[in-house]
Amino acid sequence: MFMSFFQSAEQKEYIQKLEAAIKSFSGRSENLDESKDFPFENIQELKDFGYPKLTLAKEYGGNGGSLYDFLLSQEKIAEYCGPTALGIGWHVGTVLSLTEKRPWEKEVMDELFDEVSKGALINTAASEAGTGSPTRGGRPETTAIKKGNQWVLNGRKTFTTLSPVLDIFLVTAWVPHDEQLGTFLVHRNIKGISIEETWDMISMQGTGSHDLVLNEVILPDKYYVMQSKPGKKKPESWLLHIPACYIGIAMAARNYAVEFAKTYSPNSLPGPIRDLPNVQRMIGEIELELSEARHFLYSVAEKWETQTENHDELSKELGAVKLSVVNKSISIVDKAMRVVGAKSLQRTNPLQRYYRDVRAGLHNPPMDDATITMLAKAALY
């Protein structure tokens, strides 16, 4: 049994109810991976449970959940289906960020939150093929041109996670009128919006991260919701949902390997392979890495919530958590496969899927090299 990271009985009860609602996810994962389909049933069951409203403020009909609540939930969902967890995490995290900051005009902010309370799913569409990750600072090729009291958007966005079910896109675009980057609220059902199914990956296929195409999309002025201000960007703690997802996948691999070690008994041995010193060593290393990763993740999340005066200092920890937890997750899955042996490579074995899915974390922001450089500069200058 692992050390509990619950902060309250209510938190524990919520996760237990969530787990009961998502147990069917694991039974669908193999077929979803093979068919390259999107987990429509999983998302609907999460909506039925009310999970997309976890971090929505109570005044808008949400749960008012915290960052810590969010991470516990993401880890648990990922145990049952990594792509579903990562996908829904972008929505729930975006809602958390907007709820905390309230960065737009109140009229549009209230409109968005009302739509989320009624079931709308949202995500930011920022990545582009020509610019790479938006965290690298490239200027988007998507443009927003002012025409009277309206805006006309044209462009293509990549990696638009949850695209098969998104209702609202927060689109970043270059605004020549202002000579800066802007964010626009775009509803799925307006003219000029289409999804091109380009997502074809060996890992996290179920996130449905296809291309969003904008062709002469006309928006009223009020949906130009935010201008990017020059200078250092504030850290985004909600992005900790990324390492929470990957440690959840690692936990699933750990559970499989432990159960295998307890029950697999080849006729060359008097009992199960759990009695072998090399298997015990591998399982012990898995337990250590899991414990280290989860302590780092949840301790930083707790400090972020309780030590608001230290956010500037803690911001370095956010990237460090992502780097450390994702790389430990990869190591844990690798060790689990070593315990299970060649059987772990069978297409019907979930470990080979965990192995592919967990490596996707290396390509989610922030990137390892950027984090290492940031930590080095913080120490040297």
Side-chain angles (χ1 to χ4, degrees), residues 2-19 21-22 25 46 49-57 62-101 123 161 204 207 235-252 254 289-308 311 314-329 332 357-358 360-361 364-366 371:
F2 280 99
M3 176 181 177
S4 170
F5 285 89
F6 296 121
Q7 297 172 313
S8 66
E10 291 78 15
Q11 210 171 52
K12 183 177 181 180
E13 182 182 7
Y14 180 86
I15 297 300
Q16 288 174 337
K17 289 180 178 178
L18 175 63
E19 184 171 22
I22 64 174
F25 289 10
L46 285 172
F49 180 76
Y51 184 66
K53 295 190 285 187
L54 172 67
T55 56
L56 184 66
N63 288 52
S66 66
L67 171 68
Y68 203 101
D69 298 328
F70 177 35
L71 301 185
L72 286 171
S73 302
Q74 286 298 116
E75 181 186 0
K76 183 55 65 177
I77 296 170
E79 270 191 59
Y80 290 88
C81 183
T84 298
L86 189 64
I88 199 65
W90 289 103
H91 162 86
V92 179
T94 300
V95 173
L96 175 62
S97 179
L98 292 173
T99 297
E100 290 178 342
K101 296 175 182 176
N123 193 10
T161 299
M204 290 295 184
T207 61
E236 297 282 4
S237 62
W238 65 274
L239 289 174
L240 288 176
H241 83 92
I242 295 171
C245 172
Y246 291 105
I247 201 64
I249 295 172
M251 180 68 80
R254 174 263 181 199
E289 288 184 308
L290 265 172
S291 181
E292 290 174 342
R294 298 181 82 226
H295 271 284
F296 196 9
L297 173 65
Y298 290 111
S299 66
V300 169
E302 184 173 35
K303 286 180 180 178
W304 186 268
E305 292 183 336
T306 60
Q307 301 178 20
T308 55
H311 277 186
L314 283 169
S315 64
K316 296 192 291 290
E317 300 292 308
L318 300 178
V321 167
K322 188 267 177 176
L323 184 153
S324 179
V325 172
V326 167
N327 282 280
K328 278 185 167 60
S329 299
I332 290 164
D357 282 347
V358 79
N364 290 134
T371 296

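For the residue pair Leu297 and Pro243, the shortest heavy atom distance occurs at CD1-CG, 4.2 Å. The two atoms that bring Lys76 and Ile22 nearest to each other are O-CD1, 3.8 Å, heavy atoms only. Here the closest heavy-atom approach between residue Phe70 and residue Leu96 is recorded as CD2-CD2, 4.1 Å. For the residue pair Ala244 and Gln74, the shortest heavy atom distance occurs at CB-CB, 4.1 Å.
Checked by atom type and distance alone, the side chain of Ser97 never pairs as donor or acceptor with a backbone atom of Gly93 at under 3.5 Å. In this structure, the side chain of Glu79 does not engage the main chain of Met251 through any donor-acceptor pair within 3.5 Å. Between the Ser324 side chain and the Val321 main chain, no donor and acceptor come within less than 3.5 Å of each other. A donor-acceptor contact shorter than 3.5 Å is absent between the side chain of Lys322 and the backbone of Thr371. Put simply, the side chain of Gln11 gets close to the backbone of Gln7: a donor and an acceptor are under 3.5 Å apart. A donor-acceptor contact shorter than 3.5 Å links the side chain of His311 to the backbone of Trp304. With Asn364 contributing its side chain and Ile242 its backbone, the two residues share no donor-acceptor pair below 3.5 Å. Side-chain N or O atoms of Thr94 include none that pairs as donor or acceptor with a backbone N or O of Asn123 at under 3.5 Å.
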>> With side-chain contact (heavy atoms from CB on, under 4.5 Å) as the criterion, how do Leu54 and Ser73 come out once you've worked through the C-alpha distance, each side chain's angles and the decisive distance to 0.1 Å?
In response: CA-CA 9 Å; Leu54 172 67; Ser73 302; 3.9 Å; yes
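For Glu317, the salt bridge (Lys or Arg N to Asp or Glu O under 4.0 Å) test picks out no residue, with sequence neighbours left out. Partners of Tyr68 under the ring-ring contact (aromatic ring centres under 6.0 Å, His included) rule, at least two apart in sequence or in another chain, are Tyr298.
Between the CH2 atom in Trp238 and the OG1 atom in Thr55 there is a gap of 10.0 Å [rounded to 0.5 Å].
Under a cut-off of 6.0 angstrom, the local environment of NZ in Lys12 is sparse, with at most 12 non-hydrogen atoms contributed by other residues, nucleotides or ligands.
Between Glu289 and Lys328 there is no salt bridge, since none of the side-chain N atoms of the basic residue sits less than 4.0 Å from a carboxylate O of the acidic one. With respect to Lys101 and Glu236, a salt bridge is recorded, a charged nitrogen being found less than 4.0 Å from a carboxylate O.
In this model, no donor atom of one side chain and acceptor atom of the other lie less than 3.5 Å apart for Asn63 and Tyr51.
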